[in-house]
Amino acid sequence: MVEVGASSRSNSMTESAVIRPTGEEPSPAGYDPSAIERKWQARWEADGTNVTDLQHGARPFYALMMFPYPSAEGLHVGNLFAFTGNDIYGRFQRLQGHTVFEPIGYDAFGIHSENFAIKVGIHPDELIPRNIDNFRRQLKRAGLMVDWSHELSTTDPAYYKWTQWVFLQLYKRGLAYKKKAAVNWCPFDKTVLANEQVIGGACERCGNLVEQRFLEQWFFRITDYAGRLLANLDTLDWSESTKSAQRNWIGRSDGAEVAFRVESAPKSPAGEPDFVRVFTTRPDTIFGATYLVLAPEHPLVDRIVRDGQRALVDEYVAEAAKQDVVSRRTTKDKSGVFTGAYATNPGTGQPIPIWIADYVLMEYGTGAIMAVPGHDERDFEFAQLYDLPIVRVVAGPGQDARTPLGDSAYTETESAHLVNSGRFDGMTVEAGKAAIVAELASTGAAKPVVNYRLHDWCISRQRYWGPPIPIVYCDQCGVVPVPESQLPVLLPAIEDFRPDDSGISPLARHAEWYHTTCPECGGQARRETDVSDTFLDSAWYFLRYPSTDRSDVPFDDAMTKRWLPVTSYIGGNEHAVLHLLYSRFVTMVLHDAGTLAFEEPFTRFRAHGMIVREGAKMSKSRGNVVNPDHYIDEWGADAFRTYLMFLGPFEEGGDFRDKGISGVKRFLDRLWKSVHEAVGDGGTPDLDVQRKLHQTIKKVGEDIPRLSYNTAIAAMMEYMNTLRAGERTPRVDEVRPLVQLVSPFAPHIAEELWSALGGTTSVFDGGWPSYDPALVAEDLVTMAVQVNGKTRGTVSVPKTATQDEVLTAAKADANIAKFITGPVKRVVFVPGRLLNVLV
RNA sequence: GCCGGGAUGGCGAAAUUGGCAAACGCGAGGGACUUAAAAUCCCUUGUCCGUAAGGACUUCCGGGUUCGAUCCCCGGUCCCGGCACCA
């Protein structure tokens, strides 16, 4: 048998220290969370308990949590929920013998911080450190196993120097480029808005209508990586919901590009026919393509438009350009205009009209489509509106070429076949796709193409509070990247940092910063005045943590080799696509550049759930936000942590109910009492308690790795109930392992009790208790007895009892016997579980 | 519309391989201790019938597979999240 409580690595327990004469009050001063929490936080700090030996520690385990944005309101309970979940996992891994690194930092740049600074009239330079101080104070109170010697803030020049370096790595590889792009502009907030910040065509903050502006923006060519970003997902141990969100966002669609020859385009150069290239996922329906549609911005529009239609087309194009980006995408009412031109359908050989409509988007595919109104809802609607021909080319079971389409497009593809499609008639949709693409490809009219919905990442912001993009514009040399040796390009401390409606960053107003010299020729030059997106700051922070003490490199090679990729990452699904995708992209780029040996940054990722309060979403306006300080004051961090983990499954979240915390507090009170009352472990152990203990050790050890914290806590509570059943006094060897099991959840009380039990080092250096499999298995089991599938009673039999023995025992039970009325037809016997008698 | 996750007592939830549905906790009711209250401890608590023994019903709805289904299959409803005029 394996000794309970014995650590495989160290055993600092002094047995004699805990044995007291029975009857003598062991002076339990009572459980005072705030006193012992202060005491142990101070001791951890003094002893360096949570400082990770990054150089030498065995079995490195990088337990990463998503670093917070340090808001003025302080730590949100959602942050603490996530951090506690990560902390328990990290502490457990440490108890398993890993060297665990649990760092924290602050994602402190960005529009959010800047807007708040403007609102309260305090410079972010002053406000952010203040907020960070408050966050640090709150994080320390929560008792996280954070290694504070590696804390970082993205606003620190020693950090953003390397954010700029990351930009330069992308620039060097041709993955950063500048182009004019349509953006949402809020005339009131005087800023570019992300698409997510525009609700129904209005600014989400001020409600003013958003305008479309064309501004020069920096982009990262993330679309080059779309295929890999998608394919690698299959290899990652991540929450399915997160992977699914990324798949949706990347949006792969397999199809073909098909060329439609424009009939006698008047303005094309002599002898050079124009082709409209369309992207389609349904090449099988080409015989049903009765018209083409170009996006209003399509470059071919001007060339092919016929004179009679020119005025109408120009008006339509101008109108479309005026619409803001978002409402253009979400308006469901279709409209369009005929160009007067025709193209040849390469399937039918027939001429079909070319239209312009804003339901076709220039950014996706080729900016042009072949419209198949018979089999596409949008095309159907458009064709009905403008009276364009609708042809059936796909028929389902029991349908044929003449079956009318009715009032909607037929979009089924399963068990459907082609009709009205010449020699392709009768083929399945799948076969038709392949055959038609193959045939068109032979004449160069089509090729298979994969399209992604993912757009390039726009990283420039015309704002102040971010890392300046390290680019200089020189009249002689053009666009010049700032040499690495001249990094960081410091964000100047300016008072006038408010954005204006020029669409140009406030930094442009500061001539002394804006004017500089060219790093190449030394001549007059201007700085790029945009700053980079906050998501660039957070796309690489996990690489920095182990190397925060290095000022000469972004990350130390040896450290990176030792600690990365991240072993375990825990965070919210609100970052499923942006942060997590950008981090993967940046890692891949650095991998391709030969800087990193791995191309995926997070080996395992788990999305935690959301906390609501009393059934309602927490919000400032509702006034139902949980303030961690308040609860920690009242109940202690240990009870607060444990309650957060107990209120629901970690990956689903749960309902924070103020009353609920008392149950967890009672549990800790009883733990405190049990340890202080515990008597020495002489004499005969109580076998039932021993069994329950070993079952609990097994269960908690299995539940924590799968983040099933609520059930682990329930198991410990059950054990506590067993331990104190019938007002028995627990023994020291019964409570000591429980203190260890509780320690990841409630670290302070665990340390206090561990030391009260004679521990001379931290409980977190004491290892994890092991269990005896022989004690886990009950040798007497309660089996259910069913008659015709209905449970009629139970029998208590030895685990090894045979079918006949159980049957005999069952028949001895009068209530069971009375249901066995006729001859027994069949008996189903599941050893140790149940007996089902069929009569 | 497409993709992912859900729906179980008054409430939060559990059931790890298809095997006693409701562990653990909250709330509620009753009791002990107390002059009293708090705290603590004990008992009861899915619904219905029954004094009880016991019985019937019960995991969103409707079917199916199985000796047996919260779990697997088919169809549907609702909730949460992602994507969305993406061709």
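Below, chain A is the first sequence line, B the second, and so on; all start at residue 1.
A donor N or O paired with an acceptor N or O is not found under 3.5 Å between the base of B:rC67 and the side-chain atoms of A:K825. For A:D655 against B:rG12, a side-chain-to-base donor-acceptor contact under 3.5 Å is absent. With hydrogens and angles ignored, a donor-acceptor pair closer than 3.5 Å exists between the side chain of A:N836 and the base of B:rC67.
The pair A:D237-A:R606 counts as a salt bridge, with a side-chain nitrogen and a carboxylate oxygen less than 4.0 angstrom apart. No salt bridge links A:K692 with A:D688; every basic N to acidic carboxylate O contact stays at or beyond 4.0 Å. The pair A:E702-A:K698 meets the salt-bridge criterion, with a side-chain N (NZ, NE, NH1 or NH2) lying under 4.0 Å from an Asp/Glu carboxylate O. The pair A:E677-A:R724 meets the salt-bridge criterion, since a charged nitrogen lies less than 4.0 angstrom from a carboxylate oxygen.
Comparing the C1' positions of B:rG64 and B:rA69 gives an interatomic distance of 11 Å, to the nearest angstrom.
Side-chain nitrogen and oxygen atoms of A:K790 include none within less than 4.0 Å of the OP1 or OP2 phosphate oxygen of B:rA56. Here A:R657 does not reach the OP1 or OP2 of B:rC26: none of its side-chain N or O atoms lies under 4.0 Å away. Phosphate proximity of B:rA14 to A:N710: present, with a side-chain N or O under 4.0 Å from OP1 or OP2. Phosphate proximity of B:rC24 to A:R666: absent, as no side-chain N or O sits under 4.0 Å from OP1 or OP2. Between A:R833 and B:rG18 there is no side-chain polar atom (N or O) within less than 4.0 angstrom of OP1 or OP2. At B:rA87, one or more side-chain N or O atoms of A:S253 fall inside 4.0 Å of OP1 or OP2 (strictly under the cut-off).
A:L647 comes within contact range of the sugar-phosphate backbone alone, with a heavy-atom separation under 4.0 Å but no base atom that close. Looking at heavy-atom distances under 4.0 Å, A:A245 makes contact with sugar-phosphate atoms alone, never a base. No contact: A:N451 has no heavy atom under 4.0 Å from any strand. Nucleic acid contact class of A:T280 (heavy atoms, under 4.0 Å, all strands): sugar-phosphate only. No engagement by A:R724 is indicated, since no non-hydrogen atom pair under 4.0 Å with the nucleic acid exists. Among the atoms of the strands shown, only primed sugar atoms or phosphate atoms (P, OP1, OP2) are found under 4.0 Å from some heavy atom of A:R670. Within the nucleic acid shown, A:F819 comes within 4.0 Å of sugar-phosphate atoms alone, with no base atom in reach, counting heavy atoms only. A:N573 comes within 4.0 angstrom of nothing in the nucleic acid, heavy atoms only.
Between A:F279 atom CZ and B:rC85 atom P there is a gap of 16 Å when expressed in whole angstrom units. The CZ atom of A:F667 sits 23 Å away from the P atom of B:rG12 (whole-angstrom rounding).
Syn is the classification of B:rG9, since its glycosidic angle stays within 90° of 0.
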Any chance you could list the contact pattern along nucleotides 45-52 of chain B? Use B for base contacts, S for sugar-phosphate-only contacts and - for none, protein heavy atoms under 4.0 Å, 5' to 3'. --------
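With sequence neighbours excluded, the residues forming a ring pair (Phe, Tyr, Trp, His ring centres under 6.0 Å) with A:F338 are A:Y342, A:W355, listed by chain and number.
Between A:T413 and A:H375, the closest side-chain pair of non-hydrogen atoms is not below 4.5 Å. Counting heavy atoms from C-beta on, the side chains of A:I611 and A:L647 come closer than 4.5 Å.
Comparing A:D669 and A:Q786 against RNA chain B, the residue whose closest nucleotide sits nearer the 5' end is A:Q786. Heavy-atom distances to RNA chain B give each of A:A725 and A:V664 a nearest nucleotide, and the one nearer the 5′ end belongs to A:V664.
Comparing atom distances between the A:S244 side chain and each of B:rC3, B:rC26, B:rA15 picks out B:rC3 as nearest. With distances taken from any side-chain atom of A:V828 to the nucleotides B:rA87, B:rG19, B:rC26, the minimum falls on B:rG19. Listed nucleotides: B:rG54, B:rU16, B:rA23. Nearest to the side chain of A:E718: B:rA23.
Using cut-offs of 30° and 60° for the angle between ring planes, the A:Y225 and A:F585 rings count as perpendicular. Using cut-offs of 30° and 60° on the angle between ring planes, the pair A:F535 and A:H575 is perpendicular.
Across all strands shown, B:rG1 pairs with B:rC83; the Watson-Crick or G-U wobble distances both stay below 3.5 Å. Across all strands shown, B:rG18 forms no Watson-Crick or G-U wobble pair with both distances under 3.5 Å. Under the Watson-Crick and G-U wobble criteria, each requiring two contacts below 3.5 Å, nucleotide B:rC11 is paired to B:rG25. The pairing partner recorded for B:rC41 is B:rG31, the criterion being a Watson-Crick or G-U wobble arrangement whose two distances lie under 3.5 angstrom. Base pairing of B:rA69 is not made with any nucleotide, judged by Watson-Crick or G-U wobble geometry with both donor-acceptor distances under 3.5 Å. In this entry B:rA52 has no Watson-Crick or G-U wobble partner, no candidate having both defining distances under 3.5 Å.
Relative to the ring axis of A:F382, A:K334 does not place its NZ or CZ within 45° and under 6.0 Å from the centre.
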